[in-house]
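So you know, we letter chains A, B, ... as the sequences are listed, proteins then strands, and number each from 1.
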Amino acid sequence: MTDQPNNWQRRTFMRQSFLTIPAISAVASVPLSAWAQDDTPPLSEYYPRFFEPQEWAFILAATDRLIPADDNGPGAIAAHVPVFIDQELAGDYGNASDWYMDGPFLSDLPAEFGYQLPHTPAAVYRLGIKATHVYCQRQYGTSFAALDKAQQITVLEALEAGEIDFNALGVADLPSQSFFAFLLQNTKEGFFADPIYGGNRHMAGWKLLGFPGARANFLEWVDQYDRPYPLGPVSLKGLQNR
Amino acid sequence: MTTTKPGVDAVIIGLGWTGSIMGMELTDAGLDVLALERGEDRTKEDFLYPKPADELKYGVRLSMMQRPRQATVTIRRNQNEMAAPQRHWTTFHPGNGVGGAGAHWTGVLYRATPTELSMKRFADETFEPGFLPDNMNIQDYGVTYEELEPHYDFFEKVAGLSGQAGNVQGALIEGGNPFEGPRQNPFPLPPLPRTLTDTLFTDATRKLGWHPYPYPSANVSEAWTNPYGMQLGPCNFCGYCSNYGCLNYSKASPQTCVLDALKRRDNFSYRTQCEVTRIVKSDDGQTVKGVLYTDGDGNEIFQPARLVILAAFPINSVRLLLLSEVGKPYDPVSNTGVVGRNFTYQLTGSVDMYFKRHRFNPFINAGGSGQVIDDFSPDTFDTARHGFIGGAYIYTTQGPSGAIGGVKVPPGSPSWGSEWKANAKAHYGHHMMLGSTGSNMAYRDVYLDLDPTYRDPNGDPLLRMTYDWKENDLKMTQFMGDRMRDIVGELKPDYHTESIKRVGDHFDPSHYQSTHLTGGAIMGTDPNTSVVNRYLQHWDAHNLFVLGASAFPQNMQHNPTGTVAALTYWSAKHIRERYLENPGPLMSAQG
Ligand SMILES: Cc1cc2nc3c(=O)[nH]c(=O)nc-3n(C[C@H](O)[C@H](O)[C@H](O)COP(=O)(O)OP(=O)(O)OC[C@H]3O[C@@H](n4cnc5c(N)ncnc54)[C@H](O)[C@@H]3O)c2cc1C
Ligand code: SF4
């Protein structure tokens, strides 16, 4: 487990990150005041609870490819999806604390039987990132995070298609497509779940869709057919992004 | 060491819909009633805004459900396969905690049709001998629609049912469901307001000559005070409904409709985090004498009771009967025994349509809002011509409601990267669904028993489901697929995708189907083919009553809870009026 930064380090970090982020927020289409209450620290200041530094570098790069920032708005990095994944894996979800995890594990059953691997989600990431790392070292002589974007996409596509044989890379009982499925599912969860879980920062995912978050009160809108809903999202904590 | 608690008149296992209702009835009769609930306590305060508006917690991580670690179900498709456990829920979402699945259900509240309760009689009258497959075990409920009608009527008032009646005392009413059984009263409340999907569906199905009507909804349309003095307020289409507790006192649930009234009674008490592990038989061989349970601190306790009410949801109730060795377990090879026999589920299908020209605002929805046709019910058309017995209702409802589960992109397009993101943005809110929810017949080789391999933390075997889709039911589903394509043809979306099972497909538990698990401890009039008699009284132990959809001999097209509740009131009436005065079997076997 990584130690939390002390206050002094924290302040230094904050000053640095303010310095290194120039005018980006002024360019953003949404006025800063709209999320002024959102005091979550920037990603550069986040100390992962679950991921080791090399794993963290993988997660930052991979989620950035899965949901990139582009003309349609912020992506996984600006939305702090890696923070979401880290916190989920450090908690009950990562430990499969609600799941039935007694053996025997019939790992080679057809997919219809649902999840049958012997790993918790946390272990899936630990093993999957490790195997992907070995693969990138053998294939490209460097880590996933150090590859260029096109190469990263090629590796992710190979994971998704189950074309990378983790077994041959020293990781048993984990098809690469299963690892990828967790990564993609959790990335999307981190983009669209309430910001209370660390991702969907500034409700970027909800803004993309036009989803109003926790507003949860629409009676007078039921019969307004074919009209865009006019109000921006609110979060469980009452944050707004107009 | 087992501690013995002071005895009670009645112990109820599980405090969901049926346990709460039976609690009201038996305390009304003056009994001292104790409910034991495995999960945690849950009150309406747990659902105050904005708590439920949390898709990750409730919609994705399923935090209101039974924890598979506590007890899950193993599944195989046939007797030659090894069953594998549901390690986390995919195919159904059983409840846990006070309120049971009733705290997070959707609130579509139906009656059975008169035919569905007497399916065997209907089949004998309708089909040529030899038409139905040999291994199909259709049976009658042993109770008729006329007998249940007053109990449906009462529960609909308890739940503030909103909608449009189609048949009041034999008079058909335009805009309601003309194929429903006659009801003595109109619905307590008018239908919910209509969404865009409702309007499109209604227009299309009318053009096709069918009879659309509003989903009967226990998400109430107006303020309502029920017969227990509990108050419900109008649903605001919050969009966090199915799988969520209601943030608005609008969805009928044990919490909003029954429990506050029940908890005020001095002769009612309940204990949470108390998991019943056995029903204990008496030495006389004709009754049970109480239950064994484990409390939250891990103590084992014997709770003596004169009356035992098993109200634990079908899969849990059947498992408890098997673990307790009450009733003879079903053996599919010799076709003998009853516990676990006639397990059934629900046959569903769906179509998703994309309309560039429409904007549905799918987050504006209520679980029970929607429009339906019953034109293709088991007895409304010539199913024999199409090679099957059974039927389905076809419906639409606005949604999907969440953001995580709400993103849809064109088939064949990437599931990540910039193109996915552009599609997610452009397509969100432009989709409309059609669904079919259909009957499931019972079969000799579809059943429940105890798993030989997998165990729960107490060391007790898990329940094993041997379940597959059969040709008859798949033909029915394909037929409904064709009817949904007719609707697609009217509505002319830009494109549509289908999820419709075909003959030859096998049960796929990796996807959600429904939580309408039925049968396994079925009711009837013959102890050789049923676990409980027509009053839900166990044939082998007259002071044990088994409530819930486990009593259904085969599953109907409509959602189960209306019938589950009506059967509970029906059973309670006979306990109160006859059993308490003269404890013993309420009927003799009618082979
Ligand atoms: C997501 C979802 C949507 C649904 N939508 C609909 C719908 O629209 N319409 C419809 O008709 N039906 C619907 N249902 C089904 C409906 O919820 C059930 O039919 C209804 O709740 C059944 O009532 P019950 O009393 O049998 O079981 P429950 O309400 O589930 O109550 C059973 C209780 O028993 C407890 N229990 C179990 N085992 C033990 C034990 N060993 N010891 C102590 N306690 C125990 C459980 O924790 C639970 O609280 C839905 C279900 C789900 C999950
Ligand atoms: S949609 Fe209506 S009934 Fe359902 S949870 Fe929201 S307010 Fe309650």
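- Only the backbone of B:Ala83 comes within less than 4.5 Å of a heavy atom of chain A; no side-chain atom from C-beta onward does.
- Most heavy-atom pairs under 4.5 Å with chain B: of the set A:Val222, A:Asn72, A:Leu219, this distinction falls to A:Val222.
- When A:Phe191, A:Trp99, A:Phe192, A:Phe113 are compared by the number of non-hydrogen pairs under 4.5 Å with chain B, A:Trp99 comes out ahead.
- For a residue to count as touching a neighbouring chain, one of its non-hydrogen atoms must lie under 4.5 Å from one of that chain's; by this rule B:Arg194 touches chain A with backbone and side chain alike.
- A heavy-atom distance below 4.5 Å is found between the side chains of A:Phe84 and B:Leu56.
- Proximity to chain A is limited to the side chain of B:Tyr49, based on heavy atoms less than 4.5 angstrom apart.
- For A:Ala76, no part lies under 4.5 angstrom from a heavy atom of chain B.
- Residue A:Leu184 touches chain B through its side chain alone, counting heavy-atom pairs closer than 4.5 Å.
- Within the 4.5 angstrom heavy-atom criterion, no atom of A:Ser235 approaches chain B.
- Interface remark: B:Leu62 contributes no atoms to any contact with chain A (heavy atom separation under 4.5 Å).
- Contact annotation for B:Asp508: both backbone and side-chain heavy atoms come within less than 4.5 Å of a heavy atom of chain A.
- Within the 4.5 angstrom heavy-atom criterion, atoms from both the backbone and the side chain of B:Ser415 approach chain A.
- Of the atoms belonging to B:Trp420, it is side-chain heavy atoms, and not backbone ones, that fall under 4.5 Å from chain A.
- Contact annotation for B:Glu81: only side-chain heavy atoms (C-beta onward) come within less than 4.5 Å of a heavy atom of chain A.
- The residue among A:Tyr115, A:Trp221, A:Tyr197 with the most heavy atom pairs within less than 4.5 Å of chain B is A:Tyr197.
- Relative ring orientation between B:Phe363 and A:Phe211 is described as perpendicular, the plane-to-plane angle rising above 60° on a 0-90° scale split at 30° and 60°.
- For B:Thr195, the parts sitting under 4.5 Å from any heavy atom of chain A are the backbone and the side chain alike.
- Only the side chain of B:Leu247 comes within less than 4.5 Å of a heavy atom of chain A; its backbone N, CA, C and O stay farther away.
- The candidate from A:Asp194, A:Asp71, A:Leu106 with the greatest count of non-hydrogen atom pairs under 4.5 Å with chain B is A:Leu106.
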